[in-house]
Each structure stands twice: as structure tokens, then as C-alpha cells.
There are 2 protein chains.
Amino acid sequence: MIPIARPFARIAERLRGVGLRPTRQRLSLGRILFAKGDRHVTAEMLHDEAQADGVRVSLATVYNTLNQFTAAGLLREVAVDTGRSYFDTNTSRHHHFYDHRGRELTDIPAEGLRVQGLPRPPEGLAIDRIDVVVRLKKA
Amino acid sequence: MIPIARPFARIAERLRGVGLRPTRQRLSLGRILFAKGDRHVTAEMLHDEAQADGVRVSLATVYNTLNQFTAAGLLREVAVDTGRSYFDTNTSRHHHFYDHRGRELTDIPAEGLRVQGLPRPPEGLAIDRIDVVVRLKKA
DNA sequence: TCAATAGTTTAGAACAGTTATAAACAAGAA
DNA sequence: TTCTTGTTTATAACTGTTCTAAACTATTGA
């Protein structure tokens, strides 16, 4: 059975499953991140949102948590803008539209999108993953 | 006639052509950038290389120059790594391999590579450009 | 139930990369 | 030349992120 995304599922279990103690801060941030479907957040956005929700958590912890979640495969980092890291709650294979004016990311499902005709990677290296970023402008 | 890349061509003309005075610093940096075929440099790399070549130029000027060249279409910025900007002397349509361990970029020619099945961009926005980054790992 | 201990959080300092400031300087025009 | 305007520079400032070391807390096992 394929594990389906379950918004309010046992976040504590998920954390324990990847070897992270389910602390108050990690549970709160996990709830914010995973309760609302696919999201793209920066550390600052998540910190602000936590404050707004009345969750007391330091910016350092937000950074630690985002990095730990990413290392554990709960999040994925998206590089579209130098000088700002986006973290994506959708860790399955997919791509992005990026509106650099609104600094907004939108998912492009992997299904249906094909990248064909890639050359062989340089000697001694293999493809880790393919990121397609479709940069947008005003129509 | 299509303008072919001419390594030692009149850099001064190119600068004047985009409205930039051909100063000693811009000429030197332009020579370093455009004399050796397609390159991917960071500000720090270019600054170091200039020093090594005996060109006296401040880091601030390197940043200014990279940004001005990019705005003028002489360079293209590549976002593969947050917290570090790469500038590419190849401004034609193409894509990249990225070896994040060696922090090295390699061009993938646009010819032959096809991205198919893209969904329509969000309302009010159009595609500006498509960046494909093929991230590499040890084979 | 209660230490012991090992992992976590925190404020704040430190750091990396980049941009801003404002004074000195140099290119182009007259 | 001289004037004007654009450019360069050192340095300060700024942004996003990581580090540090002390305080704290989840878990373990007695």
C-alpha cells in the first residue's frame, strides 16, 4: 500500500521514524509545514508563520529544523534564487514554475513532463536528479 | 551574418555597444571572461583570477561589472546554488550539469534537448525561459 | 518516579556573499 | 585643457545562514 499524504497524521511518528525527537518545536513546525498540502517556504516565512500562530520558536531552530527535515527526506530544497533557500514539502519527483517578481513557486507535476535528449554525464558522474525551472514573466 | 564568438574581438566596441564606457577595469575583466570560450564564474573566482593576472580591481567593481554585463546581456546568471551566484559567458539558450561537490557547471547544448508536456503557465504570466539543471552525483 | 545523559533549543555572535556610500578618479565632450 | 558625468574604490552595511556555549528537555533505566 502506497503511503498517502495524511495532513494530520502522526507527525511524531514520522519524526521518530527518521531519528528525530518529537520536540514541541519540531511538532509545531511540522504541523505548519505538512498540514496545508504542498508548500514552498523560506526560513523567514516559516518563522513568521510560527510566531503568528503563537508558536514560540527561534530562527536558529527554524533553520536547524528545515535542514534536519531536508536531510531526513521530509523536505526538499529548491534552488531558484541565489541568496534565499526555498524548502518544498513535496518531496516526490516534480518541477517548478518560478515567478521571480512575486518570488513564488508553483509545482509542475512530473507526470506528463518529459526531458529528452540529455547527453551522457561527465565521466565518473551519474545523474542525481533533474530540476526543471520554468521562469515566468508578465504575460 | 550571424555574429560568431571572437575571443579577442573588440571588447571595447562591445562595451560601447551596450552603453558601458570601456574602462581599464571593464576591459580587463571582459578579456578574462571572454577570451577563453564558455566559462562559469563567481565574483570571487573572477576577482582572484584578475589579481593573479596582475589586474588591480576591487571586489566591488567585480560585482558591479558582473551585474552590468548581465543586465546588458553579455552574461547570464545561473541559479544552482543558494548563497553563491554563477555567471555564464554563454548567453545563448542552453542548460547545465551541476556537480555540487566540485561546485562545477558544464553546459548542455539546447540542440537535441527537448522539454515536452509543460502545463500552461499560471494566469497572467508567460514563460520567460526554461532552465534545466541536471544535478550530478558520484557514479 | 527520578536522576542521569544525551539530544535540543536559544540568544547572540560570527560568517559569507553581496550591495550601498561617498569620496577620489578617469573617460569623453567641448 | 577644463568640465561634466560616469566609474572605481575602501569600507560600512546588510541579508541570509551557521556557529557557540549555556540553558533546557525528551528519553532511558534504575
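Every chain is numbered from 1, with letters handed out A, B, ... down the list of sequences. Note that the structure is predicted; figures quoted are calculated from it, not measured.
- A:R84 has its CZ atom 15 Å from the C1' atom of C:dA16, to the nearest Å.
- Summarising the geometry, the separation between CG on A:D81 and C1' on D:dT17 is reported as 15 Å, rounded to the nearest angstrom.
- Between the CG atom of B:L20 and the P atom of D:dT8 there is a distance of 9 Å, rounded to whole Å.
- Within the nucleic acid shown, A:T82 has no heavy atom closer than 4.0 Å to any nucleic acid atom.
- Follow the hydrophobic side-chain contacts under 4.5 Å out from B:V57 and you reach B:L66 in the same cluster.
- Among the heavy atoms of the strands, none lies under 4.0 Å from A:T42.
- A close approach under 4.0 Å does not occur between any side-chain nitrogen or oxygen of B:T61 and OP1 or OP2 of D:dT8.
- Separating the CG atom of A:L15 from the C1' atom of C:dT8 is a distance of 13 Å, rounded to the nearest angstrom.
- Going from atom CD of A:Q68 over to atom P of D:dT18 covers 11 Å, rounded to whole Å.
- Salt-bridge annotation for A:R101 and B:D128: absent, with no side-chain N of the basic residue lying under 4.0 Å from a carboxylate O of the acidic one.
- The side chain of A:N67 contributes an N or O atom lying less than 4.0 Å from OP1 or OP2 of D:dT18.
- A perpendicular orientation is assigned to the rings of A:H96 and A:H94, their planes being inclined by more than 60° (bins at 30° and 60°).
- Atom pair A:L29:CG and C:dT10:P shows a separation of 9 Å (rounding to whole Å applied).
- Rounded to a whole Å, the CG atom of B:L59 is 9 Å from the P atom of C:dT18.
- The residue among B:R21 and A:Y63 whose nearest nucleotide of DNA chain D is located toward the 5' end is B:R21.
- Of the candidate nucleotides C:dT8, D:dT8, D:dT17, D:dT8 has the atom nearest to the side chain of B:Q25.
- Within 6.0 Å of atom CZ in B:R93, 12 or fewer heavy atoms from other residues, nucleotides or ligands are found, so the atom counts as exposed in its surroundings.
- The side chain of B:R16 lies closest to C:dG28, out of C:dG28, C:dT10, C:dT18.
- Rounded to an integer number of Å, the gap from B:L66 CG to C:dT19 C1' is 13 Å.
- Of the candidates D:dA26, C:dG17, C:dA11, D:dA26 carries the atom nearest the A:T23 side chain, counting heavy atoms from C-beta on.
- Checking the phosphate oxygens (OP1, OP2) of D:dT7, a side-chain nitrogen or oxygen of B:R26 falls inside 4.0 Å.
- Within the structure, every side-chain polar atom (N or O) of B:R24 is placed at least 4.0 Å from both OP1 and OP2 of D:dT7.
- The listed nucleotides are C:dT10, D:dT9, D:dT17; the one nearest the side chain of B:N64 is D:dT9.
- Residue order along DNA chain D, read from the 5' end via each residue's closest nucleotide, puts A:E44 first among A:E44 and A:A60.
- The neighbour count for A:R103 CZ, taken as heavy atoms of other residues, nucleotides or ligands under 6.0 Å away, does not exceed 12.
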